[in-house]
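As structure tokens, the structure follows; a few thoughts come after it.
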Amino acid sequence: MNKPARAFAYGNLSFFTGAVVYVFTQGVIPFTEEPGTLATVVLIGFMLVYGNLAFVMSRRFARKMAGIEWFPFFMAGVLVLPALFLAFITEIFRSDEARYFYYAAIVVAAFLGSHL
């Protein structure tokens with residue numbers, strides 16, 4: 001399989017994985033706005049999920065894309081796109097501050113996971 005076709009397939013896999021993770025975890029997102037340590041624990045949980053997914057996917061698929069150093073970061077960006085978009089259109093957050101913390105947490109975790 002040539003590299004563009006492989007990159008397209010891996011990008012689609014990353015996108016749909018991100019969408020599935022969002023759909024299964026959207027019930028937990030309102031807990032990010034709770035006072036106290038619960039919100040912190042939930043955000044750390046989201047960071048672990050997205051970081052681990054980005055790490056595993058970049059290690060598994062970027063090996064086959066030798067010579068393209070930016071590909072793991074591309075996959076991390078595509079992984080979080082569905083979550084960012086769906087969290088924006090569903091208005092699941094009560095405040096913009098909680099939404100931005102969620103966005104920052106999953107983006108940082110995904111890019112950190114793909115960098116490791």
Side-chain angles (χ1 to χ4, degrees):
M1 183 184 276
N2 58 7
K3 286 187 181 182
R6 188 171 285 189
F8 181 74
Y10 295 160
N12 277 337
L13 174 72
S14 182
F15 182 81
F16 287 117
T17 302
V20 167
V21 167
Y22 179 81
V23 166
F24 284 125
T25 60
Q26 71 180 354
V28 183
I29 289 176
F31 292 115
T32 60
E33 296 183 273
E34 294 295 322
T37 58
L38 180 62
T40 306
V41 169
V42 171
L43 276 177
I44 290 173
F46 275 114
M47 291 177 77
L48 288 173
V49 167
Y50 279 97
N52 189 32
L53 280 173
F55 175 77
V56 168
M57 292 173 73
S58 68
R59 291 298 166 249
R60 170 76 174 98
F61 301 126
R63 253 186 303 171
K64 295 180 180 178
M65 299 290 291
I68 304 176
E69 292 82 20
W70 53 267
F71 192 70
F73 300 109
F74 168 75
M75 286 184 64
V78 172
L79 177 70
V80 298
L81 275 179
L84 299 178
F85 179 70
L86 290 171
F88 179 73
I89 65 168
T90 58
E91 297 179 0
I92 201 164
F93 292 99
R94 291 178 290 213
S95 68
D96 287 337
E97 182 179 312
R99 176 182 302 150
Y100 297 140
F101 273 121
Y102 173 75
Y103 288 171
I106 65 172
V107 167
V108 166
F111 281 101
L112 185 62
S114 68
H115 178 67
L116 298 177

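What's counted below: heavy atoms across the whole structure, side chains too, no hydrogens, waters or symmetry copies. Treat the numbers as computed from the prediction; the structure is a model and nothing was measured.
Minimum heavy-atom separation, Ala83 to Tyr50: CB-OH, 3.3 Å. Residue Thr25 comes nearest to Val21 through the heavy atom pair OG1-O, 2.7 Å, listed as atom of the first residue, atom of the second, then distance. Of all heavy-atom pairs spanning Phe73 and Ser114, the tightest one is CD2-OG, 3.4 Å. Nearest approach of Ala39 to Glu34, heavy atoms of both residues: CB-O, 3.2 Å. Closest approach of Leu79 to Ala54, counting heavy atoms only: CD2-N, 3.9 Å.
Under a hydrophobic-cluster definition in which Ile, Leu, Val, Met, Phe, Trp and Tyr are linked whenever side-chain heavy atoms come within less than 4.5 Å, directly or via other members, Phe85 and Phe16 are assigned to the same cluster. No path of Ile, Leu, Val, Met, Phe, Trp and Tyr side chains, each step under 4.5 Å between heavy atoms, connects Val23 with Ile29, placing them in separate hydrophobic clusters. Hydrophobic clustering (ILVMFWY, side-chain heavy atoms < 4.5 Å, transitive): Phe111 and Tyr100 are in one cluster. The hydrophobic cluster containing Leu112 does not contain Leu43, counting ILVMFWY residues as joined when their side-chain heavy atoms lie under 4.5 angstrom apart, directly or transitively. Leu48 and Val80 are not part of a single hydrophobic cluster, where members link through side-chain heavy atoms under 4.5 Å apart.
Other residues, nucleotides and ligands contribute at most 12 non-hydrogen atoms within 6.0 Å of the CZ atom of Phe101.
For Thr90, the side chain to side chain contact (heavy atoms under 4.5 Å, CB included) partners two or more places apart in sequence, or in a different chain, are Tyr22, Ile92. With sequence neighbours excluded, the residues that form a ring-ring contact (aromatic ring centres under 6.0 Å, His included) with Phe74 are Phe71. Residues satisfying the side chain to side chain contact (heavy atoms under 4.5 Å, CB included) test with Ser95, not counting sequence neighbours, are Glu33, Glu97, Ala98.
Atoms OG1 and CE, from Thr40 and Met47 in turn, are 11.0 Å apart once rounded to the nearest 0.5 Å.
Side-chain contact between Thr32 and Phe93 is present, with heavy atoms from C-beta onward closer than 4.5 Å.
The backbone N or O of Met75 lies less than 3.5 Å from a partner atom in the side chain of Ser14, making a donor-acceptor pair.
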> Can you check side chain to side chain contact (heavy atoms under 4.5 Å, CB included) on Val78 and Tyr10, steps first, answer last?
Replying inline: CA-CA 10 Å; Val78 172; Tyr10 295 160; over 6 Å; no

